Every structure is written in C-alpha cells, then in structure tokens.
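Labels below follow one simple rule: chain letters A, B, ... track the order of the sequence lines, proteins then strands, and each chain is numbered from 1. Computed from a predicted structure; not experimentally measured.
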Amino acid sequence: MDRVLFGDNQFFGVNHSSDEKSRAQTIRFQTNAAILNVLDIARDEGINTFMCTTHDRIGQICDIIRDNPRYQDFTIYPCMPYAHKYANALTELGVLGTIKQFVPGNIFNTFAKGGVAFMKKDFATLAELMIDAELKMFRGINTPVIWMQNVITDLLLGLGMTDFLVKFHDHVKTKHNAEPGFITMNLPYLLETLEGAGIKQPTICASINKIGFRMSGGVELYEKTIRQKRCNLVAMQVLAAGALPASEAFEYVCKQDGIDSILFGASSRGNISHSKNLIDQYSKQPI
Amino acid sequence: MGLSHCAILGAHPKVDLQSVCDTSAIVLEGFKKHSKFQVFNDYKKMIQDSELDCIVIASPTKFHAEMVDYALENNIHVFCEKPFSLHPEDGRKLAEKAASKGLINQVGYHNRFLGTFNEVKRLIDQDLLGDVYHFLAESYGPVVLKEKGGTWRSEKGQGGGCLYDYASHTIDLIHFILGNTKKVSGTQLKSVFSKHVEDAVYSSLELENNISGQLSVNWSDETHRKMNTQITLLGKKGKIIADATEVKIFLKESNNKLGLEKGWNVRYLTDLTEGVNYYLRGEEYSSQIDHFIECVLNKNQKNKSTFSSALLTDNVISMLLQDQNN
C-alpha cells in the first residue's frame, strides 16, 4: 500500500464536524467533472491511490477513467457496500425486498446461483454474489485492496458473525485476487476477533488520532495495539473531524510505529498539497 | 428485532446476550446459522424459556404495549424503542407498573445521549440565553422518496408515518432541552408520497413554561443524506443553533462564567462526546444502551429517558393528531 491514500467522503457530503459543511460539499461536487478535477489535483501532488465507496457516482467516475491512458497508473481501493443504499432499501423494501434488489438475477429462479442460494438460505453464497455485484463497476481498473465498510464490519463484529468476515476475506482473495481489508471503529476488538478466526496479519483501516475520536477502547489500547504490528494498518480520521490542526494531527500518526498508510480527503489544492507535504515530512523523521 | 441494538449488546462487556426474537424466517435462519444466540419467533416463549434480566424491544410500535407489559409482568428491566406506545393510556399504565415494580425502564430517544444536545441543555439550564422567546425544532431525512413500496412504517394505525417515526425524536428533544408541551396549534400533517400516512409534520407548540415555537419535520427530503435534527433557540441574550455535530452560539454580551465570547462561539461534537467501548453508528446509540445497562447494575442511577418522559412525547403525538382533525 502507498503511504498516502486519498479518500472520498468530501465528494458525498460526509463531514463529521458539520452538517452545514456537508451540504456545501454536496452542492460543490454535483458534477463528475468537479470530482475528477480534485482527483487530478491529488495525482499532481503524487497521490495515486483513491479509496472510495461503491456509490453510484463512483461507478460513473470509473466509466470515465477506465479507458483513459492518463489514469493507467491510478489505483482504486473500493470500500463496500455503500451502506445507505442498503439501509434505505431495508426501510423501504424489508429484508426480502433488499435481497431481491441486490442479489443479481432472479432469486426465485432455482436454476440461477442466487435462486439456489436463496432457497437454501445460504447466506454466505448470497453475500458472495452481492460482493461480486458491488465490484462490477471497477472492471478493468486496478483494485489491489478491497475493503468492507466499517458499518458492516462492526455490525458483524458485534453480532459475533465472524464467519462472514472470514467469508469476505477468503472470497476477495480467491475470486478477486486482491487483499481483503476491514474498516472499523473498533480496532483492538476486531483484530483479536480476526486472529481468533485464523486470519493472521489482516489489513485494517481504523480511526486513529491524537484525541481518541472514534477509537473504541481508548488511545492507550490503540497505541499498544499499533506497536505490536499485528496488522497492515491504515489510519483514517487522522484530523478527528477537524478538531486537530493538520500539522499536529499528521505528526502524531506519522510517529506511531506500526501505521503503514494514512488516508485523508480534501477538496482544495492548498489542503491536499499541505497534507501530503506534512505526511512526507513527518514520515522521513525517525520514529 | 433491532439489528444494531443486537450488535451493541453483543459487544457489551457487561452483557451476556442470550436470545433474539423476530418474525422474519430469513432473519431467524441467519441468526440460527451464524450466531451463538438462541432464536425465537414468539416473544412470550423467549421470556419463559430464557432467564432474562433485561430485554430490548424494537418491534413495530403497535406491539410495544403488550410486549412491554409481558416483560414487566415477568420482572424484566425494559428498554423499548421509540415511540413508546400508540395509546397514551397504555403508556401511562406501563410507566406506573414499571415504577411500582422498581424496574428500570427506558425508551430509545438517542438525542438525549448526544454531546451537542446535552451541551445545549446545560447552557439553557444555566440561563445563557436569558428569556427564550422562540424555538424551531427540525428533523429532515430521506425515508420515503417515491410513491410505492413500504413496510409497517408506511401503514396507518401501526405506528407508521413521519409523526411517530421522525417527529417523536424532535418532540422529545424539545422536552429534553426546554420543557414539556402544553398546547399545540396550526398542525399540518402532509402526505407527500405515502398514501396512508403523513410524510411531513408542521405545528406550533406552546410549552408549560410558556416558551413557544415551531416543529418542522419531513422524512421525504432527499437533500439530507440521513436523518438530520436541528434545534434553534432564540433568547433575549442571544441564539443557539445545534445539531448532532455542532453547537453554534451567538451572544450579545460575553459570558465569563461559561467561558463564552461576545458574538459567535462554536463547539464541536469532538469536544463534547465521550468515547464508547464499542462504536457502530454514532456514539449516542452505544451510550444509550450503556446507560440502560448501568442503570440496571446500579439502581441508584437516575434514568435519562424513562417511560414517563416518553409518555409525554406520546401525548403530544395524540395532541397533534387531534389538532389536525379539528
């Protein structure tokens, strides 16, 4: 994994510090051109990996960059699923309706793979079909790491349904030939659970920042876990939703021995360049 | 059944989650195959066959009253999802029953556990704004965006509709921060896409302490990515605008006691929120369950969202329905 990964929250109005800012961002990134423009700025600054959700808009971005030679070295780390899509479907259509909508093909057709799986209530196969469907939009694009979104990782973790985490891991590795990653707000708990299920040195992306924002279990336990280097680790929410000044925030994560990559999102050339330079600068200093 | 409640309880270090109950065969099959919990499709059987200390009820609202009653009858502490009950008379009896049996009772109004709204309550209780002369309480989100489909949430008489599902949160927040409602007027319940229930609620509220203001709630507003609740308070000394992520305070004069400057002051969620042991979808969802469990373990702790306080919200829902009919 590259040291610096570029995130997509800003494009979809996800802002953890202000609902008002999130609305302004939604308005600004209404067109795909506006998103591509910011991705180009990130590439100019030497950031070549874009970590993004399987939002419909990302599908459109993929269509634009797929055959464009300018983006041939560009790497995407898909994060799935785009949870709101499913949450809205669950409210509107119920469990059965949601499965019908998102499992490809007719689930009532017992000649189709999805139909057989549905009849047998084979949830693992249904999940595999849904993973494959989510990944379709990235066809022809380099996606070496494929992530499970935190809302799903943490839900399965809490429900103790570890076998689905293992299923995702194995399916991404064997069928998609990529490294499976797990996004979480519960790093120590998840790591322990994955290890218990036989997954050693997993790839994890977790909220890591100086003030302990969204770090379940607290800063001390996180720092200890990071030092043990039991996983390939990406730090996200480094700025703690804007609560920390950039310099202090990046210095903290760069000095944690055991963090491989740092994920951040920004919309302006100034902020992208400043953040990238800070990470480069602090990463060069000995820990 | 409440999948996210179940995950929060499953991860809770002080809880041994025994059993789950649902009527969906597909959900039950998933739990049977992939979880360690015992699975039931009849709540009475679950209560009889498991030795439960507490129960979390997240069924369609029309079942709340009978389920809560049965749990209380069996001396089990109850956390019930909001709104509490469809008929305030049922709610009153249940609140009395829980109190007389000394059982912990809580309703899932999670805004009471948000750092930002707690800060607003603290500031108002310290008289930061002086006389508050108006409030605007709003919730908007994208639930029903077209004219088709639907679950129990879109059915009349089952606790469906924007009034029960969305506005209950907003009303409870007004009660939490400012005080209880005395009177409602000019109520408009509007159907936008739904055939049988309202998708938007607009009304004027007058509180027991004579503060008055407006309620504006709409679940067919897709300009919001998820449910977004905001409260604006206007007082003689200034104004507060707060949502789940920030509190913006405008003061005519500085307040040294509370460390606030003249003009605008902004407080963010990150400074106002305590961490939780397990995070799923917002600290407040974990915090409300933590609080319930703490209350069960330590009976001296006062619960922040009891049946009695939720009953006041149910009463306002009835008042709004009646006002619309008039």
> Ring centres of B:His5 and B:Phe79 under 6.0 Å apart?
Replying inline: yes
> Taking it one step at a time, do B:Val143 and B:Cys162 satisfy side-chain contact (heavy atoms from CB on, under 4.5 Å)?
Replying inline: CA-CA 9 Å; B:Val143 180; B:Cys162 173; over 6 Å; no
Which answer fits [X], side chain, backbone, both or neither, if we ask what part of it has an atom under 4.5 Å from a heavy atom of chain B?
X        : result
A:Asp122 : backbone
A:Leu155 : both
A:Phe164 : side chain

>> The test is side-chain contact (heavy atoms from CB on, under 4.5 Å); show your working for B:Leu269 and A:Phe213 and say whether it passes.
In response: CA-CA 10 Å; B:Leu269 167 80; A:Phe213 179 59; 4.3 Å; yes
Top residue by heavy-atom pair count (under 4.5 Å) with chain A, among [options]?
options                              : value
B:Arg281, B:Lys248, B:Glu29, B:Lys36 : B:Glu29
B:Glu283, B:His34, B:Lys33           : B:His34
B:Ser24, B:Gly30, B:Ala25, B:Ser4    : B:Gly30

> Are any of the side-chain nitrogens in B:Glu284 or B:Arg112 under 4.0 Å away from the carboxylate oxygens of its partner?
Replying inline: no
> Is B:Glu147 salt-bridged to B:Lys195, going by a charged N under 4.0 Å from an acidic O?
Replying inline: no
> chain A heavy atoms under 4.5 Å from B:His224: which part of the residue, side chain, backbone, both or neither?
Replying inline: side chain
>> Is B:Ile8 close to chain A through its backbone or its side chain, or both, or neither, when contacts mean heavy atoms under 4.5 Å?
In response: neither
> Side-chain donor-acceptor pair under 3.5 Å between B:Tyr166 and B:Thr229, yes or no?
Replying inline: no
